[in-house]
Amino acid sequence: MSSSDSGSEIAAVRAFNRAYTKKLGVLDQHLHKSPYSLSEARVIYELAHRDEPTAKEIGGELGLDPGYLSRIMQNFEEAGLVSRKPLASDRRHYRLSLTAKGRQAFARLDRASQDEVAAMLASLSENDRAHLTEAMAAIERLLGLKHAAPPAILRDPRPGDMGYVVQSHGSLYASEYGFDATFEALVAEIVAKYITSFDASRERCWIADIEGRPVGSVFLVRHNDDVAKLRLLLVDPAGRGQGIGQRFVAECVAFARACGYRRITLWTQSILVAARKIYQDAGFKLVASEPHRSFGQSLIGETWEREL
């Protein structure tokens, strides 16, 4: 390639960078008419999509100078956006998380960003939008910007997650197994009972989360003083392939043992082959099975148990 060709290509890339950053408004002092700079907004985004990261983890992802990041975190903490928890292994370092106020700030930023991009795309035809996203994908691929899919985190439920549990069970079991609305009604009853009679010392729910989006759930609830019940294990298609189901069951077993339960029981269906394999691999044994007609289907219900 001649020097003249190289020079024109460099100029073209630089011109695109100038035009694109101006179009997105990242040259403004504050992003999306918010109180935050681009760097501050990116830090808030990382905090919203990670499970209690350290400042080092965020700095490594964003390539921020440690001193600059430290000042951002100090400002966030003073503004009530961030809370810090010392690491057990090294109390000089902290796990960081957004407070309720911080999550509200992220929600406003996220909504503003979505609205601005939607407005930009609205002026384009369907063909032009397709060409634009294809070109963006090509840029990511050619420059090595595409990251691997982020791993799921397991977290406690947040407001709205119980609605997700009911909706996801209803839609997924209808599409994959033909279950009718009575199954969704059963899930709603289980969730309502969990909320109204929740015992934090002996019960727990985990939500699998990928970049702020729930992709699975499981519950461990009290059956009696000696027996816990595993309920509503689900991993939707967006979360499959990461071993989330196995992680869910391992968390249930560890929590049940820590609570002093002597046994875990669960009820499932013979057609749920993947779930049955997870239970079997985790040490559960099939102790009873019985045909029944439920949820608009002829099924074989199974009871599995694991001694602790």
Side-chain angles (χ1 to χ4, degrees), residues 157 161-199 202-208 214-257 259 261-308:
D161 282 335
M162 293 304 172
Y164 157 77
V165 172
V166 176
Q167 184 275 332
S168 59
H169 275 79
S171 61
L172 187 114
Y173 276 81
S175 63
E176 295 192 352
Y177 303 104
F179 283 20
D180 64 21
T182 59
F183 177 70
E184 191 168 357
L186 173 64
V187 175
E189 290 175 8
I190 295 170
V191 168
K193 182 178 179 182
Y194 177 82
I195 295 171
T196 56
S197 61
F198 175 58
D199 179 356
R202 308 208 78 192
E203 298 181 318
R204 194 168 173 193
C205 165
W206 292 264
I207 300 293
V215 295
S217 64
V218 73
F219 292 68
L220 189 88
V221 299
R222 178 185 178 277
H223 184 59
N224 59 44
D225 287 345
D226 292 328
V227 181
K229 181 175 283 190
L230 189 155
R231 311 200 79 171
L232 302 181
L233 171 67
L234 176 139
V235 180
D236 74 30
R240 291 174 185 171
Q242 291 196 27
I244 293 173
Q246 289 87 344
R247 291 169 62 192
F248 272 151
V249 173
E251 290 287 349
C252 287
V253 170
F255 181 74
R257 187 178 284 122
C259 289
Y261 289 112
R262 300 178 64 183
R263 186 166 73 251
I264 302 177
T265 186
L266 64 89
W267 185 65
T268 189
Q269 311 302 321
S270 62
I271 59 173
L272 304 181
V273 177
R276 294 172 80 257
K277 177 70 163 54
I278 291 172
Y279 302 140
Q280 189 173 21
D281 290 347
F284 284 79
K285 298 186 183 302
L286 176 63
V287 297
S289 62
E290 183 179 5
H292 64 104
R293 178 77 184 175
S294 302
F295 321 128
Q297 302 293 321
S298 296
L299 302 166
I300 299 176
E302 297 181 341
T303 300
W304 292 68
E305 293 183 350
R306 187 192 193 281
E307 299 294 329
L308 298 174

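Predicted model, so just to flag it, every value in this text is computed and none were measured. Heavy atoms only: backbone and side chains are in, while hydrogens, waters and symmetry mates are out.
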Inset, instruction - Please determine if Arg306 forms a cation-pi arrangement with Tyr279, meaning its NZ or CZ atom is less than 6.0 Å from the six-membered ring centre and no more than 45° off the ring axis. - result: no

Inset, instruction - Could you grab the distance from atom CG of Leu233 to atom CD1 of Ile278, nearest 0.5 Å is fine? - result: 6.0 Å

Inset, instruction - Could you walk me through whether Val166 and Glu184 pass the side chain to side chain contact (heavy atoms under 4.5 Å, CB included) test, one step at a time? - result: CA-CA 6 Å; Val166 176; Glu184 191 168 357; 3.8 Å; yes

Inset, instruction - Hey, could you give me the CZ/CG distance between Arg263 and Leu308, rounded to the nearest 0.5 Å? - result: 9.5 Å

Inset, instruction - Would you check if the side chain of Glu251 reaches a backbone N or O of Arg247 as a donor-acceptor pair within less than 3.5 Å? - result: no

Inset, instruction - Using a 4.5 Å cut-off on heavy atoms from C-beta on, say whether the side chain of Phe219 contacts that of Arg204. - result: no

Inset, instruction - Return yes if some donor-acceptor pair links the side-chain N/O of Ser197 with the main-chain N/O of Tyr194 below 3.5 Å, else return no. - result: no

Legend entry - Min side-chain heavy-atom separation Ser289-Thr303 under 4.5 Å: no

Inset, instruction - Kindly compute the distance separating CG (Leu272) from CZ (Arg276), expressed to the nearest 0.5 Å. - result: 9.0 Å

Inset, instruction - Give a yes or no answer on whether the side chain of Ser217 reaches the backbone of Leu232 with a donor-acceptor pair at less than 3.5 Å. - result: yes

Legend entry - For the student: nearest non-hydrogen atoms of Ala256 and Ala228, plus distance: CB-CB, 4.4 Å

Inset, instruction - Any chance you could lay out the side chain to side chain contact (heavy atoms under 4.5 Å, CB included) test for Thr265 and Lys229, step after step, and finish with the verdict? - result: CA-CA 5 Å; Thr265 186; Lys229 181 175 283 190; 4.2 Å; yes

Legend entry - Spacing of Trp304 atom CH2 and Leu286 atom CG [to the nearest 0.5 Å]: 5.0 Å

Inset, instruction - Look only at the side chain of Gln297 and the backbone of Gly178, and say whether a donor-acceptor pair between them is shorter than 3.5 Å. - result: yes

Inset, instruction - Check Tyr164 against Gly216 and note the closest heavy-atom contact, atom names and distance. - result: OH-N, 2.9 Å

Inset, instruction - Say whether, by atom type as modelled, one donor and one acceptor occur between the side chain of Arg202 and the main chain of Cys259 under 3.5 angstrom. - result: yes

Legend entry - Main-chain N/O of Val235 paired to Arg240 side chain as donor or acceptor, under 3.5 Å: yes

Inset, instruction - Answer yes or no: is there a side-chain heavy-atom contact under 4.5 Å between Trp267 and Arg231? - result: no

Inset, instruction - Check the surroundings of atom CD in Glu290: do more than 12 heavy atoms from other residues, nucleotides or ligands lie under 6.0 Å from it? - result: no

Inset, instruction - Please tell me if the side chains of Leu234 and Tyr173 come closer than 4.5 Å, counting only heavy atoms from C-beta onward. - result: yes

Inset, instruction - Please tell me if the side chains of Val249 and Phe284 come closer than 4.5 Å, counting only heavy atoms from C-beta onward. - result: yes

Inset, instruction - Supply the atom-to-atom distance Glu176 CD to Ser171 OG, rounded to the nearest 0.5 angstrom. - result: 9.0 Å

Inset, instruction - Could you check whether the rings of Trp206 and Phe255 sit parallel, tilted or perpendicular, using 30° and 60° as the cut-offs? - result: perpendicular

Inset, instruction - Give a yes-or-no answer on whether the side chains of His292 and Gln269 include a donor-acceptor pair shorter than 3.5 Å. - result: yes

Inset, instruction - Supply the atom-to-atom distance Phe295 CZ to Asp180 CG, rounded to the nearest 0.5 angstrom. - result: 8.5 Å

Inset, instruction - Identify whether the distance between the nearest side-chain nitrogen and carboxylate oxygen of Glu305 and Lys285 falls below 4.0 Å. - result: no

Legend entry - Minimum-distance pair of heavy atoms, taken over all atoms of Pro157 and Ile207: CA-CG1, 3.9 Å

Inset, instruction - For the pair Tyr177 and Phe179, name the ring-plane relationship: parallel under 30°, tilted 30 to 60°, perpendicular over 60°. - result: tilted

Inset, instruction - Indicate the atoms forming the closest heavy-atom contact of Ala238 with Val215, along with that distance. - result: CB-CG1, 4.1 Å

Legend entry - Sub-4.5 Å side-chain heavy-atom contact between Leu186 and Glu189: yes

Legend entry - Distance-minimising heavy-atom pair for Val187 and Val165: CG1-O, 4.1 Å

Inset, instruction - Flag the pair Gln246 / Asp281 as yes when at least one side-chain heavy-atom distance between them is below 4.5 Å, and no otherwise. - result: no

Legend entry - Minimum side-chain heavy-atom gap Pro237-Leu172 below 4.5 Å: yes

Legend entry - Heavy-atom donor-acceptor pair, Asp226 side chain to Tyr261 backbone, under 3.5 Å: no

Inset, instruction - Decide side chain to side chain contact (heavy atoms under 4.5 Å, CB included) for Ser294 and Thr182; before the verdict, give the C-alpha distance in whole Å, the side-chain angles of both, and the deciding distance to 0.1 Å. - result: CA-CA 8 Å; Ser294 302; Thr182 59; over 6 Å; no

Inset, instruction - With side chain to side chain contact (heavy atoms under 4.5 Å, CB included) as the test, would you mind laying out the steps for Leu220 and Ile264 before giving the verdict? - result: CA-CA 9 Å; Leu220 189 88; Ile264 302 177; 4.3 Å; yes

